Colleague: 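Following this message is one structure expressed as structure tokens.
Order of the sequence lines fixes the chain letters, A, B, ..., with proteins taken first and strands second; residue numbering starts at 1 for each chain. Bear in mind the structure is a predicted one, so any value in this text is a computation, not a measurement.
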Number of protein chains: 2
Amino acid sequence: MQDRLRAWEDDFVPSFWSAKNAMLQAAGVAFERHGVREGQQFVLMCLWREDGLSPGEIARRLSLATPTVTRTVTRMETSGLVERHPHPTDARLVSVRLTERGQGLRAALDAEMNALSERALRGFGEEERRAFTRMLDALTANLRAER
Amino acid sequence: MQDRLRAWEDDFVPSFWSAKNAMLQAAGVAFERHGVREGQQFVLMCLWREDGLSPGEIARRLSLATPTVTRTVTRMETSGLVERHPHPTDARLVSVRLTERGQGLRAALDAEMNALSERALRGFGEEERRAFTRMLDALTANLRAER
DNA sequence: ACGGAAACATTAGTCGGCTAACGAAAAAGC
DNA sequence: GCTTTTTCGTTAGCCGACTAATGTTTCCGT
């Protein structure tokens, strides 16, 4: 679509949208062979850093809606990546814990993630990569700020 | 999540993912008041440039899978944005045509799109915006190339 | 001319986002 | 201490993305 939709003065939105879809597809392919769906790796990432978090806390850390995490956790439970446990003191909370399989995937997914970055950013210089990431973070901050 | 998931040497992927989600949400809010769902504006964009395209052709121009367009068109038909017509010479093809309402939304959605860009890129200089868009296009090209 | 191959749209089913509505448990207020 | 409010997780339902499978129609090769 890149060349065909330059109707706006600022063609940033279509470019971002194309990039988003390309990344989604590439990530899907990259993770499917590990039995992990695109998006689930970020939940795993949270739990690698701190196991036993609640769905709500995961949602907060990932800036997602809680129901999104709830359902994702259910699917990850089905595929044996995590388990739900009751919280010891607060009966409202649910503790999401990694299974052995969930823990064991860390290195593989780490490598997959780096490979994905490398493919996406091929031809980008060091400084350019940093600038790109910085701009993405600025964009996120801009959009999350005024709401 | 921005500060909490810096586990990889290259934290580009989480940054992109956050930006993607922020953009999706912002776009959803921006377009919903016009009765247009996030994603549908790109189909409209195609048809504004050239009305009567087939679902497959739209999919090709937007780099989407055909079923995605098929179902989107069905929903847009329901909400009165487009209509399906038979192709005059090729019975396999379907011609997707804008309704008056679909045509009339052009200016409003154009403005909404520019406002979204502006919000997302607040604080970015002219050159920075161009560089950002260029990098997004490069990313898309990288990922679409080696498949 | 006819039979197989290719192109096209659609349906069905999966997953990841969201909002809205619920019900249960803890906290806060009186 | 009891009621109200807040917090939390889940369910239900919408939409956008995908793949796989189906059924037509056209096209091509023999």
Colleague: Quick one: A/E57 CD to D/dC8 C1', roughly how many Å, whole number?
Modeller: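 To the nearest whole Å, that distance equals 12 Å.
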Colleague: Provide, to the nearest angstrom, the distance between the CE atom belonging to B/M23 and the P atom belonging to D/dA17.
Modeller: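 Result: 13 Å.
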Colleague: Please state whether the rings of A/W17 and B/F42 are parallel, tilted or perpendicular, taking 30° and 60° as the class boundaries.
Modeller: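 A/W17 vs B/F42 ring planes: parallel.
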Colleague: Return the value, rounded to whole Å, for the distance between atom CZ of B/R37 and atom P of D/dC14.
Modeller: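 About 10 Å, once rounded to whole Å.
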Colleague: Output the rounded distance in Å from CD (A/E32) to P (D/dT19).
Modeller: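 Roughly 9 Å, once rounded to whole Å.
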Colleague: Counting the atoms with a prime plus P, OP1 and OP2 as sugar-phosphate, which does A/S54 contact under 4.0 Å by heavy atoms, base, sugar-phosphate, or nothing?
Modeller: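 Sugar-phosphate contact only - A/S54 comes under 4.0 Å of backbone atoms but never of a base.
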Colleague: Check whether any side-chain nitrogen or oxygen of A/W17 sits under 4.0 Å from OP1 or OP2 of D/dG16, and answer yes or no.
Modeller: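 The answer is no; no side-chain N or O of A/W17 sits under 4.0 Å from OP1 or OP2.
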Colleague: Treating B/Q103 as the side-chain partner and B/W48 as the backbone partner, does any N or O pair qualify as donor plus acceptor under 3.5 Å?
Modeller: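 Pair absent, no side-chain N/O of B/Q103 close to backbone of B/W48.
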Colleague: Using heavy-atom distances to pick each residue's nearest nucleotide on DNA chain C, tell me which of B/V94 and A/T66 is more 5'.
Modeller: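 Counting from the 5' end, the first nearest nucleotide belongs to B/V94.
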Colleague: To the nearest Å, give me how far apart CG (A/L93) and P (C/dA27) are.
Modeller: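 Rounded to whole Å, this separation is 10 Å.
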Colleague: Of A/R71 and B/R71, whose closest DNA chain C nucleotide lies nearer the 5' terminus?
Modeller: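 Nearest nucleotide further toward 5': that of B/R71.
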Colleague: So which of residues 81-92 of chain B are in contact with DNA chain C, with a heavy-atom cut-off of under 4.0 Å?
Modeller: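 Within this stretch, B/R84, B/R92 sit under 4.0 Å of the strand.
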Colleague: Between the side chains of A/H34 and A/E32, does any donor sit under 3.5 Å from an acceptor?
Modeller: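 No, because no side-chain N or O of A/H34 sits under 3.5 Å from a partner of the opposite role on A/E32.
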